Each structure stands twice: as C-alpha cells, then as structure tokens.
There are 2 protein chains.
Amino acid sequence: MTVSITDVARAAGVSASTVSRALRGRPGVSDPVRAQIEAVAAELGYTASQSASSLASGRTRTIGVIVPYVGRWFFGTVVDASERVFSAAGYDVLLYNLGSPETRKRFFTRLPVRKRVDALLSLLIPDEEEAAALRSLDIPLAVIVGGARDGFSVVGIDDHAGATSAVRHLVNLGHRRIGMLSGASEPLHWTTPIERRQAYLDVLADAGLPYDPALEADGGYSVEGGERAMTELLAGRSRPTAVFAQSDEMAMGALRALRRHRLKVPDDVSVIGFDDHELAEVIGLTTIAQPVAGQGEEAARLLLRQLDEPGAAPPRQVQMPIHLVLRETTAPPDPRHRSP
Amino acid sequence: MTVSITDVARAAGVSASTVSRALRGRPGVSDPVRAQIEAVAAELGYTASQSASSLASGRTRTIGVIVPYVGRWFFGTVVDASERVFSAAGYDVLLYNLGSPETRKRFFTRLPVRKRVDALLSLLIPDEEEAAALRSLDIPLAVIVGGARDGFSVVGIDDHAGATSAVRHLVNLGHRRIGMLSGASEPLHWTTPIERRQAYLDVLADAGLPYDPALEADGGYSVEGGERAMTELLAGRSRPTAVFAQSDEMAMGALRALRRHRLKVPDDVSVIGFDDHELAEVIGLTTIAQPVAGQGEEAARLLLRQLDEPGAAPPRQVQMPIHLVLRETTAPPDPRHRSP
DNA sequence: CTGTTAGCGCATTCAC
DNA sequence: GTGAATGCGCTAACAG
C-alpha cells in the first residue's frame with residue numbers, strides 16, 4: 001500500500017541507507033545516484049514516515065505551540081506568524097489550545113508533547129510549577145508576553161513604557177481626570193496588567209494628579225468587559241474626560257458604552273487603547289502599537305537558532321519596539337467640561 | 001534519560017505488553033495490576049512515545065488542519081473550536097498555514113501530512129488536483145465552506161439563502177439603489193462570492209429592480225478592500241442608498257469610507273454585512289449571522305465519527321443555520337434622498 | 001490474564 | 001561512495 005524507503009531503494013537499485021542519505025541531502029552520495037534516487041522517489045510519491053524517522057533519529061521536526069485561545073486576534077496573529085517561520089524551516093506545528101483551566105491542567109500533568117516536539121513556544125505565561133514541567137522536557141523553550149522564566153527565551157514589549165506614553169499623551173492634551181480600564185493579573189499569571197497599571201499611577205504622580213480609585217474599573221481585557229467597566233466609570237460622581245484602556249478590545253467596548261450614553265468621542269471623552277488591533281484603524285482608535293506578528297516571528301527564530309546550535313545558543317530576551325499611533329479618539333478636553 | 005515502557009515494566013514487575021495494555025485501557029489486565037502499573041507510570045512520569053506508538057500501530061492520534069490564514073477571525077475561530085473537539089477526543093492537531101501560493105503548492109506536492117495524520121480538516125477549498133492529492137492519503141477528509149468535493153465531508157451554510165435575506169431586508173426597507181461589495185472567487189476556488197452575488201441579482205430581479213454594474217465593486221473580502229470599494233461606489237454618478245457587503249470585514253471598511261465622506265449611517269446610507277464578526281456587535285453592524293465555531297465543531301465531529309467507525313460512516317454534508325441580526329446600520333432610506 | 005516474539009520504517013554505526 | 005547490520009520504543013499477534 002504505502003510506499004516505504006525499501007521500495008524506493010529497490011526501484012533505484014540501491015540500498016535503503018543510500019536512499020536515506022540521498023533524500024536528506026547528507027554527504028556521501030554521488031551526484032548521479034542522488035539524482036536518480038530523487039527521481040524515483042518523486043515518481044513513487046515517497047515521503048519518509050515521520051514516526052519511523054523520528055523514532056530512529058530522536059528528532060521530530062515538530063514544534064509545539066501552546067496558546068489560551070487561537071481564536072483571539074492577538075494569539076491568532078502570533079500563531080500565524082510563527083507557523084510561517086517554522087514551516088519555512090521545515091518544521092511542522094502542533095497546536096494546543098489551552099483555554100479552560102481543565103485542559104490547561106491536563107496538558108501540564110500529562111505533557112502530551114513529551115517526545116513529540118523538538119521545541120516549544122508558549123503564548124501563555126506558565127506559573128512556576130508549569131514552567132518546571134516544561135523544563136523537564138529538556139528542549140528549547142520560548143514564551144511570548146510577560147514575565148521572564150528561567151530557561152525560557154522571552155519575547156515581549158516594554159509594557160510600562162507603552163502605557164506611560166499612552167497616559168502621558170492624555171496628560172499632555174490637558175486632561176486631569178483620566179480613567180483606566182484595567183484587568184486582573186490572575187489566573188493567567190501575566191505581568192501585563194500590573195505593569196500597565198503601574199505606569200498609569202506613575203504618570204499621574206509625575207503630573208501631580210491624584211489617584212482616584214473611582215476612575216479605575218476592571219474590564220477583563222475583553223470588549224464586553226470594557227463596555228461594562230466604562231459604564232461603571234460613567235455612573236460615578238466624577239466622570240473622566242479621558243480613559244486609558246489597557247487593551248484595544250476594552251477600548252472598543254468603551255466606545256460602545258459611550259455611544260450608548262450619547263457621549264461624543266473625543267469631544268466629551270477621549271479614549272486611548274493598547275495593542276493596535278487590526279480593527280483599531282477601522283474605528284479610528286488612538287492606541288499604542290506593538291508588533292504582534294513580529295513577536296511571533298522573533299520567538300520562532302530564537303527557537304530555531306537554539307535548535308541549530310545545541311548548547312551554544314542560550315535562551316534570550318528580546319524587547320520589541322512600540323509606538324503611539326494618533327488617530328481620532330483623543331483630543332484636548334472640552335473647555336466646557338473643564339473643572340474650574 | 002527518558003523513561004520508556006520497559007522501565008515501567010521492570011519497575012512494576014510485569015512485561016512491556018502488559019504495561020501497554022494497562023495504560024491504554026485495553027481489556028485483559030486485572031484491576032490490581034492495572035492500578036499498580038498506572039501508579040508506577042505516574043511516579044516515573046512516563047508518556048508513551050508518539051513516534052514508536054504510531055509506527056507500531058499505524059495510527060497517529062493526530063489530525064491535520066489546513067487553513068489559509070489562522071490570523072483571520074473566521075479561520076482562527078474555526079481552528080479554535082475544532083481543536084477543542086479533537087483534543088477532547090484525545091487527538092493532537094497539526095496546523096498548516098497555507099496562505100501564500102508557494103506554501104500551498106509545496107504542501108500539496110510534498111504532502112507532509114502523509115503518514116502523519118489520521119484525518120484532515122481543510123479550511124480552504126481544494127481544486128480538483130489538490131482534492132485528488134488529499135484523497136490519495138486515504139484518510140477521512142472534511143472541508144468547511146464552499147463547494148462539495150468527492151470523498152469529503154462538507155460543513156457550511158446556504159450562502160444564497162443568507163445573501164437573499166440580506167438583500168431582501170434592504171428591499172423591504174424601501175431601498176431601490178442597492179450597492180454590493182463583492183469578492184473574486186479565484187484563486188481560492190470558493191463558491192461563496194458566486195452564490196452571494198447570485199442571490200443579490202435574484203432579489204433585485206424579483207423586486208423588479210434593474211442591475212447596475214456601477215453599483216457593484218470588488219472589495220476582496222478585506223477591510224481595506226471594502227473601504228476602497230465603497231469609495232468607488234460613492235464616486236459614481238448614482239450613489240446607492242444601501243449597500244450589501246458580502247462580508248463584515250468589507251462592511252467595516254465601508255463604514256470607514258462613509259465616515260470619511262461625512263455620510264451618516266444609516267441615515268444617508270444603510271449597510272448590511274455577512275458573517276457576524278465578533279466585532280460586528282461592537283460597531284452595531286446589521287448582518288447575517290452564521291455559526292462559525294459551530295462549523296468547526298461539527299466538522300471535527302464528522303471526522304471523529306469516521307475515525308470511530310471505519311468504513312461505516314461515509315462522508316456527509318451538513319448545512320448550518322443562519323439568521324438576520326438587526327442592529328443599527330440599516331434603516332429606511334431618507335425621503336430627502338429619494339429619487340422622485 | 002500475562003509473557004514472548006516479531007516487526008513497524010527509518011537513521012545510524014560500521015564495514016567494505 | 002555504498003551496503004549490511006542494529007536498534008529506536010512501541011503494539012499486535014501468538015502462546016501459554
């Protein structure tokens with residue numbers, strides 16, 4: 001039925017080992033013989049069995065990618081970009097969607113990637129226990145976004161710097177009552193919300209503005225959450241004239257809430273997001289842009305390098321550039337709304 | 001280094017085959033022995049080598065998923081949903097991103113999934129040659145969206161019916177100059193744009209409205225394309241009072257173009273999309289909703305069924321339900337704009 | 001119910 | 001430069 005290496009060997013009149021060497025481009029095969037073998041293999045439609053090959057060699061030519069939700073724009077984009085780099089290098093990608101706590105737990109206790117991948121890219125931040133489990137795999141590891149972990153390469157951005165320019169932008173426009181839509185760090189263990197929040201506090205302090213807890217609400221980094229959080233802020237006694245949303249998705253929710261309240265953006269309220277979501281441009285959202293696909297590619301490259309030079313290439317940390325993108329949702333506060 | 005089945009066997013005082021049977025839940029192992037083996041395996045942190053196991057059994061416990069762009073919302077959502085179903089059934093997912101013509105061609109000529117997956121889910125429509133290549137794999141096959149293919153299960157929606165209710169909705173509101181943002185069928189071989197377009201023509205004819213080529217523009221199913229196409233329509237001598245965008249992404253682009261032209265939606269122009277994109281609700285877009293995750297799950301289930309009952313379960317075709325979602329971008333035409 | 005025996009298809013020594 | 005052994009770790013008959 002399925003054609004094996006011995007079939008090719010027989011048809012080409014050589015031994016299986018020669019076929020193996022020829023097809024993988026290893027030295028020790030004369031040019032004419034190699035050409036002949038390649039021709040025969042193509043004609044027979046031969047592909048080496050991945051199982052047999054990796055059983056014999058110990059290498060799988062496969063990379064594992066674990067992610068909370070492939071469906072979300074950020075993760076989908078990163079997976080997309082990293083997959084392109086991996087496949088261009090001849091690696092296949094095994095995808096694990098670890099959205100729910102149960103699947104996540106199951107993954108880390110059973111570790112289905114063991115003996116199945118040559119390297120692993122994580123788009124979720126492992127806690128210490130999970131990190132230890134991954135290290136036990138004894139393969140190159142990389143994580144995107146958030147806290148450094150021993151033994152992992154890390155690709156990310158400077159969240160504090162990004163949030164700083166976002167909030168400073170609002171301050172520079174003249175805003176003094178600046179709200180924030182934030183998110184919880186747990187249970188995903190990521191440092192992003194912590195750092196973006198700290199930057200907000202730092203800029204306020206720096207500008208001599210008081211921190212008012214009533215101007216902060218948890219939007220859970222989702223559109224609906226952002227809408228809810230914004231609604232909360234609007235219900236407060238002291239409405240903000242500008243809002244820093246820690247993610248574009250929350251900013252979009254906020255825009256919706258503002259529309260429902262018949263408030264004009266940016267006339268009545270300015271909104272700035274974070275991420276530069278693919279649709280941020282469509283809705284004219286001012287935001288902090290980060291290279292999303294770029295982070296996926298970079299992480300993939302780091303892993304490939306470690307795969308190429310075993311031992312020689314240690315884990316690295318790479319910080320990608322960010323920048324403020326001015327669009328249509330921020331403006332100076334309306335003087336009529338100004339506090340005296 | 002890595003613990004193998006014989007290590008477990010030795011530690012448990014049994015043979016390797018008994019370990020194999022016990023761990024895979026096969027009959028023929030007494031309960032106490034099974035329990036003991038499970039305990040030892042857990043303690044040693046044993047996981048069967050996928051390569052060895054599939055080499056010996058012929059089954060890989062892996063499903064291949066091929067997709068043009070995981071990063072796009074529609075595909076990402078489908079991949080997400082199908083992966084959950086597969087992994088719940090104990091299958092891993094190999095992801096192939098076949099966006100560019102070169103990667104696509106390379107995939108179909110080399111067929112890296114050969115001997116590597118037990119079934120394949122395609123989110124792109126194979127042409128006849130590609131379909132033949134996949135059939136040669138001799139495994140269960142499924143395709144989402146678009147034309148039926150011999151030997152494939154197909155999951156999709158009735159594009160003609162969906163587009164019909166979209167356009168009819170505009171007609172019922174009283175619109176008579178209805179534009180369309182469409183997309184080319186090639187080079188992706190999908191029937192979607194063809195069917196949605198035909199429905200547009202059919203409804204117009206049915207309503208006694210003339211078809212005006214100046215009211216149709218190609219938006220390539222993307223946001224930017226939609227914006228360009230809408231701009232084109234607005235430049236024409238006879239502006240539409242309503243527009244049917246064949247995808248929500250194009251509709252979003254259209255909204256942006258309208259905003260740039262200082263035209264109000266829906267007062268000046270109504271817009272209806274198709275898909276019910278996750279952000280359609282955020283921007284209040286009226287659209288035709290289709291179950292995106294649902295299609296991924298359904299296709300996954302069809303494949304699993306074929307895997308469970310080899311031979312018994314033939315390929316199937318499933319049509320998922322759709323419905324009109326009324327939001328804020330459609331309304332009767334403004335009488336002031338009405339033609340006499 | 002359990003152990004023994006053969007491969008699965010390939011990569012990798014080691015000879016020649 | 002090429003071929004003949006050997007084994008990767010497991011599953012699937014076959015015995016008992």
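A note on names: the letters A, B, ... follow the listed sequences, proteins ahead of strands, and every chain is numbered from 1. Since we're looking at a predicted model, the values are computed, not measured.
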Between the protein and nucleotides 12-16 of chain D, are there any N/O to N/O pairs under 3.5 Å, and if so, what are the atom names and distances?
from, atom 1, to, atom 2, distance (Å)
D:dA12, OP1, B:Arg59, NH2, 2.9
D:dA12, OP2, B:Arg24, NH1, 3.4
D:dA12, OP2, B:Arg24, NH2, 3.4

In whole angstroms, how far is the [atom2] atom of [N] from the [atom1] atom of [X]?
X: B:Leu23; N: D:dT11; atom1: CG; atom2: P; value: 9 Å
X: B:Asp7; N: D:dG9; atom1: CG; atom2: P; value: 9 Å
X: A:Arg116; N: D:dC10; atom1: CZ; atom2: C1'; value: 14 Å

- Message: Once side-chain hydrogen bond (donor to acceptor under 3.5 Å, both in side chains) is applied, what residue pairs with a partner in residues 112-126 of chain B remain, sequence neighbours excluded?
- Response: A:Thr47-B:Arg114, A:Thr62-B:Arg116, A:Asp92-B:Arg116, B:Thr60-B:Asp118
What pairs with [X] under side-chain hydrogen bond (donor to acceptor under 3.5 Å, both in side chains), at least two apart in sequence or on another chain?
X: B:Gln306; value: B:Ser153
X: A:Arg135; value: A:Glu128
X: B:Ser54; value: A:Ser51

- Message: Can you list, in residue-number order, the parts of residues 28-48 of chain A that come under 4.0 Å of DNA chain D, counting heavy atoms only?
- Response: A:Gly28, A:Val29, A:Ser30, A:Val33
- Message: Looking at A:Thr18, I'd like to know whether one of its side-chain N or O atoms comes within less than 4.0 Å of OP1 or OP2 on D:dT2.
- Response: no
- Message: When the axes are fitted on five pairs at both termini, how much does the helix from C:dC1-D:dG16 to C:dC16-D:dG1 curve, in 10° steps?
- Response: 30°
- Item | side chain to side chain contact (heavy atoms under 4.5 Å, CB included) against B:Ser20, all qualifying residues, sequence neighbours excluded | B:Ile5, B:Arg24
- Query: Can you list every pair that meets ring-ring contact (aromatic ring centres under 6.0 Å, His included) and has a residue in residues 12-61 of chain A, with sequence neighbours left out?
  - Reply: none
- Task: Considering only NZ, NE, NH1 and NH2 on the basic side and carboxylate oxygens on the acidic side, decide whether A:Arg301 and A:Glu297 come within less than 4.0 Å.
- Result: yes
- Item | Ionic contact status for A:Arg305 with A:Asp308, cut-off 4.0 Å | no
- Query: Would one find more than 12 heavy atoms of other residues, nucleotides or ligands at under 6.0 Å from atom CZ of B:Arg61?
  - Reply: yes
- Query: Heavy-atom distance under 4.5 Å between the side chains of B:Ser87 and A:Phe107, does that happen here?
  - Reply: no
- Given side chains that start at C-beta, do those of A:Leu134 and A:Phe108 come closer than 4.5 Å, heavy atoms only? yes
Per-pair distances, 0.1 Å, donor-acceptor, side chain in residues 28-43 of chain B, under 3.5 Å, sequence neighbours excluded:
from, atom 1, to, atom 2, distance (Å)
B:Arg34, NH1, B:Ala22, O, 3.0
B:Arg34, NH2, B:Arg26, O, 2.8

- Can you give the first and last nucleotides of DNA chain C, 5' to 3', that have an atom under 4.0 Å from a heavy atom of chain B? C:dC1 to C:dC10
- Message: If the condition is salt bridge (Lys or Arg N to Asp or Glu O under 4.0 Å), which residues does A:Asp127 pass it with, not counting sequence neighbours?
- Response: none
